[in-house]
2 protein chains.
Amino acid sequence: MIKLDRIDLKILDILQRDARSTIKEIAGKLNLSTTPIFERIKRLEKAGVIDRYVAILNPTLLGKKLTAFIHISIKDHTKESVEAFVERVVSFDEVIECHHVSGDSDFLLQVLLEDIEKYNQFVMEKLSVVPNISKLESRFSLSVRKKTNLVYIQTGPAK
Amino acid sequence: MIKLDRIDLKILDILQRDARSTIKEIAGKLNLSTTPIFERIKRLEKAGVIDRYVAILNPTLLGKKLTAFIHISIKDHTKESVEAFVERVVSFDEVIECHHVSGDSDFLLQVLLEDIEKYNQFVMEKLSVVPNISKLESRFSLSVRKKTNLVYIQTGPAK
DNA sequence: AATACAATAGAAAAATATTCTAAAAAGTAA
DNA sequence: TTACTTTTTAGAATATTTTTCTATTGTATT
């Protein structure tokens with residue numbers, strides 16, 4: 001497990017908010033020269049702490065106006081059946097999250113689609129076709145009040 | 001509403017998978033020079049289709065090993081009460097998603113924390129202190145099988 | 001204090017982003 | 001079709017940024 005000091009954490013905090021921050025800008029904020037910032041970033045990338053850099057798009061402007069949460073229970077819980085189920089489900093581009101969860105149901109999916117019609121089509125033609133489903137319950141997001149990728153990092157004082 | 005042609009969609013597809021792709025690389029893939037790619041990206045940014053660029057961190061390596069989903073029902077549904085509730089909830093750094101949802105409960109939160117103990121602490125000391133909560137039900141993610149920000153884009157042929 | 005190790009500053013080189021001008025392409029109206 | 005307008009693009013020049021390198025500074029250990 002990689003060791004992270006205060007400077008590393010601040011770099012992470014800056015980059016996860018704006019990946020376009022230049023090394024010079026970060027160096028300015030942290031009162032360092034560009035070299036240590038550059039090398040620390042490379043180190044964080046190699047260690048996997050920084051997984052990747054992505055552009056976040058506005059789904060609405062791309063016609064994806066519906067977010068739904070689908071709770072699914074499965075019949076057969078043998079490892080092979082579960083894996084086969086997961087493999088099918090995560091292969092759908094509409095599915096943006098898939099969690100194996102505790103509680104009444106076994107899986108919780110988050111799906112992103114154009115609208116209710118596409119949702120219906122997705123469930124009917126793609127999802128419910130997947131074997132091993134026993135129960136399927138949907139909720140729709142009426143409004144997204146927060147959605148972030150930020151991993152909260154304490155960047156207070158101390159060392 | 002901005003018009004997007006096939007080239008725009010391909011640029012978006014590339015950038016949302018790897019925001020570090022250089023303009024030259026993208027230009028190469030799309031058989032264009034750097035100028036049109038550069039200008040199209042700027043246009044997509046201004047239009048808000050590209051919302052922002054972020055670094056995606058590995059939560060586990062930062063000690064955040066628990067993802068939980070919390071279904072919340074509230075007592076008072078007047079607009080003021082609801083807004084006050086939302087404002088409080090989204091202010092918590094542990095809350096990475098907050099949706100107003102259809103179904104039995106009113107809100108669905110996704111929270112990211114260190115572990116069960118921190119979760120308990122969060123619910124006891126922060127969440128349940130928020131006024132207007134009538135019911136609160138939690139599920140835990142036993143394993144994350146998919147988690148992406150990709151907005152699926154058809155980049156086939158046609159125009 | 002002397003040694004070893006890691007982190008840093010500063011400058012140089014390489015790569016990239018950005019701007020500019022002019023040519024090509026696509027669409028419009030007669 | 002032709003003439004005209006508008007949009008898109010290529011290619012070169014410039015500005016920034018990233019990346020590499022060398023030497024210095026700082027820190028910990030003995």
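Below, all heavy atoms of this structure are taken into account, side chains as well, without hydrogens, waters or symmetry copies. Proteins come first, then strands; the chains are lettered A, B, ... in the order of their sequence lines, and each starts at number 1.
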J.: Test ring-ring contact (aromatic ring centres under 6.0 Å, His included) on A:His71 and B:His71; report intermediate values, then the result.
T.: CA-CA 13 Å; A:His71 293 263; B:His71 293 263; 5.4 Å; yes

J.: Please state how far atom CD1 in A:Ile37 lies from atom C1' in C:dG10, giving the value in whole angstrom units.
T.: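 The answer, rounded to whole Å, is 15 Å.
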
J.: In whole Å, what is the span from the CG atom of A:Leu4 to the P atom of C:dA7?
T.: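 The distance from CG of A:Leu4 to P of C:dA7 comes to 12 Å, rounded to the nearest Å.
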
J.: Decide if the gap between the ring center of A:Phe69 and the ring center of A:Phe140 is smaller than 6.0 angstrom.
T.: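 Between A:Phe140 and A:Phe69, which both carry aromatic rings, the centre distance is not below 6.0 Å.
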
J.: Closest to the A:Pro36 side chain: D:dT18, D:dA10, C:dT8?
T.: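 Of the options given, the side chain of A:Pro36 lies nearest C:dT8.
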
J.: Take the protein atom CD1 of A:Ile41 and the nucleotide atom P of D:dT20, then report the distance between them rounded to whole Å.
T.: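 Roughly 13 Å, once rounded to whole Å.
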
J.: Nearest whole Å is fine: how far is C:dA13 P from A:Phe38 CZ?
T.: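 The distance from CZ of A:Phe38 to P of C:dA13 comes to 17 Å, rounded to the nearest Å.
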
J.: How close or far is atom C1' of D:dT19 from atom CD of A:Glu45, stated in whole angstroms?
T.: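 My rounded result for the distance is 12 Å.
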
J.: Side-chain contact, heavy-atom cut-off 4.5 Å: B:Asp18 with A:Arg52?
T.: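 No, their side chains stay 4.5 Å or more apart.
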
J.: Going by an N to O cut-off under 4.0 Å, is there a salt bridge joining A:Lys135 and A:Asp106?
T.: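 Between A:Asp106 and A:Lys135 there is no salt bridge, as every charged N stays at least 4.0 Å from the carboxylate O atoms.
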
J.: When we call it a touch if two heavy atoms are under 4.0 Å apart, what does A:Ile7 touch: a base, just sugar-phosphate, or nothing?
T.: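 Sugar-phosphate, no base atom in range.
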
J.: Taking NZ from B:Lys42 and P from C:dA17, how many angstroms apart are they, rounded to a whole number?
T.: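 The distance from NZ of B:Lys42 to P of C:dA17 comes to 10 Å, rounded to the nearest Å.
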
J.: May I have the distance from B:Leu32 (atom CG) to C:dA23 (atom P), rounded to whole angstrom?
T.: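 Rounded to whole Å, this separation is 20 Å.
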
J.: Go nucleotide by nucleotide along DNA chain C from the 5' end; which of A:Arg43 and A:Thr34 gets its closest nucleotide reached first?
T.: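 So the residue in question is A:Arg43.
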
J.: May I ask you to verify whether the side chain of B:Thr35 and the base of D:dG11 hold a donor-acceptor pair under 3.5 Å?
T.: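 Under the 3.5 Å cut-off, the side chain and the base do form a donor-acceptor pair.
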
J.: Establish, with yes or no, whether the OP1 or OP2 oxygen of D:dT18 is under 4.0 angstrom from a side-chain nitrogen or oxygen of A:Lys24.
T.: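 No, outside the criterion.
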
J.: Are there more than 12 heavy atoms of other residues, nucleotides or ligands under 6.0 Å from atom CD of A:Glu87?
T.: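 No, because the 6.0 Å sphere around CD of A:Glu87 holds 12 heavy atoms or fewer from other groups.
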
J.: Give the nucleotide from the list D:dT18, C:dT16, C:dT8 with an atom nearest to the side chain of A:Glu39.
T.: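 Nucleotide nearest to A:Glu39's side chain: C:dT8.
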
J.: Of the candidate nucleotides C:dA17, D:dA10, D:dT18, which contains the atom at the shortest distance from the side chain of B:Ser33?
T.: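 Side chain of B:Ser33 sits closest to D:dA10.
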
J.: A:Arg40 side chain N/O closer than 4.0 Å to the phosphate oxygens (OP1, OP2) of C:dT8?
T.: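 Yes.
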
